[in-house]
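Atoms considered below: every heavy atom in the structure, side chains included; atoms not considered: hydrogens, waters and symmetry mates.
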Amino acid sequence: MISKGPTQIGSVRNIYIKRDGMVVDSLDVYQFLFHPQNTNDIYLQDGDYIVVSPASNLVEVSGEVNRPYTYEVKSTDNMEDLIKYAGGYTSDASKNIITLKRFENESLLIHDVHNSDLNTTYLESADELIVNKLQRKTSNFITLKSSVGIEGDYEFIKGETLFDLLKRATHSLLHQIKRRKLDSN
């Protein structure tokens with residue numbers, strides 16, 4: 001019989017090869033993908049069975065990671081491992097604090113896990129990790145509104161007067177006018 005591979009309910013962490021009723025080897029697909037040099041080749045023989053257990057200990061990863069998904073974890077997996085499985089952070093990820101949602105005593109609790117604690121925070125079934133997005137706010141500018149063509153955002157320079165800002169903005173306007181004259185010639 002030919003298998004079509006594991007389904008969404010099949011484990012990718014606990015795949016066993018049985019021979020004569022005994023487990024002779026196992027495969028953890030995540031370990032194979034991320035550490036192929038540490039994996040022994042598994043050779044099948046006539047009559048072997050490949051047993052794919054149902055997936056267990058599922059953890060959801062969402063937010064600013066490259067592969068948000070539901071991942072199967074082992075008791076030895078920590079948050080740093082899971083972010084690696086999820087393809088790492090996107091360029092918009094806030095990496096300092098990761099949100100961990102966990103059921104404890106029949107309540108859903110939210111924990112802030114600092115970057116320095118990711119490798120010591122182990123995962124449990126039904127946990128949810130959320131990598132938040134950086135808010136890209138501009139913070140060093142002054143907006144100049146005018147009816148004379150020098151309107152826009154300008155860099156804030158400590159100690160600069162309003163007259164200095166208007167002179168800088170006017171200089172920018174004069175520079176644009178000179179470029180247009182040169183381009184038209």
Report yes if some heavy atom in the side chain of [X] is under 4.5 Å from a heavy atom in the side chain of [Y]; otherwise report no.
{"X": "Tyr89", "Y": "Ile83", "value": "yes"}
{"X": "Phe34", "Y": "Lys84", "value": "yes"}
{"X": "Tyr30", "Y": "Val12", "value": "yes"}
{"X": "Val51", "Y": "Ile15", "value": "no"}
{"X": "Leu100", "Y": "Thr121", "value": "yes"}
{"X": "Leu27", "Y": "Phe32", "value": "yes"}
{"X": "Ile98", "Y": "Met79", "value": "yes"}
{"X": "Asp25", "Y": "Val23", "value": "no"}

Inset, instruction - Enumerate the residue pairs fulfilling salt bridge (charged side-chain N to carboxylate O under 4.0 Å, His left out) with a member in residues 11-20, sequence neighbours excluded, ordered by first and then second residue. - result: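 Found Arg13-Asp28, Arg13-Asp77, Arg19-Asp48.
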
Legend entry - Inter- and intrachain pairs under salt bridge (charged side-chain N to carboxylate O under 4.0 Å, His left out), touching residues 51-72, at least two apart: none

Give, for atom [atom1] of [X] and atom [atom2] of [Y], the distance between the pair rounded to the nearest 0.5 Å.
{"X": "Asn119", "Y": "Glu80", "atom1": "CG", "atom2": "CD", "value": "5.0 Å"}
{"X": "Tyr154", "Y": "Ile142", "atom1": "OH", "atom2": "CD1", "value": "11.0 Å"}
{"X": "Asn66", "Y": "Ser91", "atom1": "CG", "atom2": "OG", "value": "8.5 Å"}

Inset, instruction - Tell me yes or no: between the side chains of Thr143 and Asp153, is some donor less than 3.5 Å from an acceptor? - result: yes

Legend entry - Residues that Thr161 engages under side chain to side chain contact (heavy atoms under 4.5 Å, CB included), provided they are two or more places apart: Phe163, Asp164

Donor-acceptor contact below 3.5 Å, side chain [X] vs main chain [Y]:
{"X": "Thr120", "Y": "Asp117", "result": "yes"}
{"X": "Asn78", "Y": "Asp81", "result": "yes"}
{"X": "Asn105", "Y": "Ser107", "result": "no"}

Please give me the minimum heavy-atom distance between [X] and [Y], naming the atom from each residue.
{"X": "Ser26", "Y": "Tyr16", "value": "CB-CD2, 3.6 Å"}
{"X": "Gly63", "Y": "Pro68", "value": "O-CG, 4.4 Å"}
{"X": "Ser11", "Y": "Asn14", "value": "OG-N, 2.8 Å"}

Are [Y] and [X] connected into the same hydrophobic cluster when the rule is that any two of I, L, V, M, F, W, Y join if their side-chain heavy atoms are below 4.5 Å apart?
{"X": "Ile97", "Y": "Leu118", "result": "no"}
{"X": "Val29", "Y": "Tyr71", "result": "yes"}
{"X": "Val73", "Y": "Tyr69", "result": "yes"}

How about [atom1] on [X], more than 12 heavy atoms from neighbouring residues, nucleotides or ligands closer than 6.0 Å, or not?
{"X": "Glu106", "atom1": "CD", "answer": "no"}
{"X": "Ile50", "atom1": "CD1", "answer": "no"}
{"X": "Phe141", "atom1": "CZ", "answer": "yes"}

Inset, instruction - Please test Leu44 against Ile17 for side-chain contact (heavy atoms from CB on, under 4.5 Å), starting from the C-alpha separation and ending with a verdict. - result: CA-CA 8 Å; Leu44 298 175; Ile17 297 172; 3.6 Å; yes

Inset, instruction - Run through the side-chain heavy atoms of Ile, Leu, Val, Met, Phe, Trp and Tyr, join any pair under 4.5 Å, and report what else lands in Leu108's cluster. - result: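 Once heavy-atom contacts under 4.5 Å are chained together, Leu108 belongs with Phe103.
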
Name every donor-acceptor pair, under 3.5 Å, that has one atom in a side chain of residues 122-134 and the other anywhere in the protein, sequence neighbours excluded.
from, atom 1, to, atom 2, distance (Å)
Asp127, OD1, Arg102, NE, 2.9
Asp127, OD2, Arg102, NE, 3.2
Asp127, OD2, Arg102, NH2, 2.6
Asp127, OD2, Glu124, N, 2.8
Asn132, ND2, Thr99, OG1, 3.2

Throw together a table of side-chain donor-acceptor distances under 3.5 angstrom for residues 109-116, partners on residues two or more places apart or in other chains.
from, atom 1, to, atom 2, distance (Å)
His111, NE2, Glu104, OE2, 2.8
Asn115, ND2, Lys95, O, 3.0

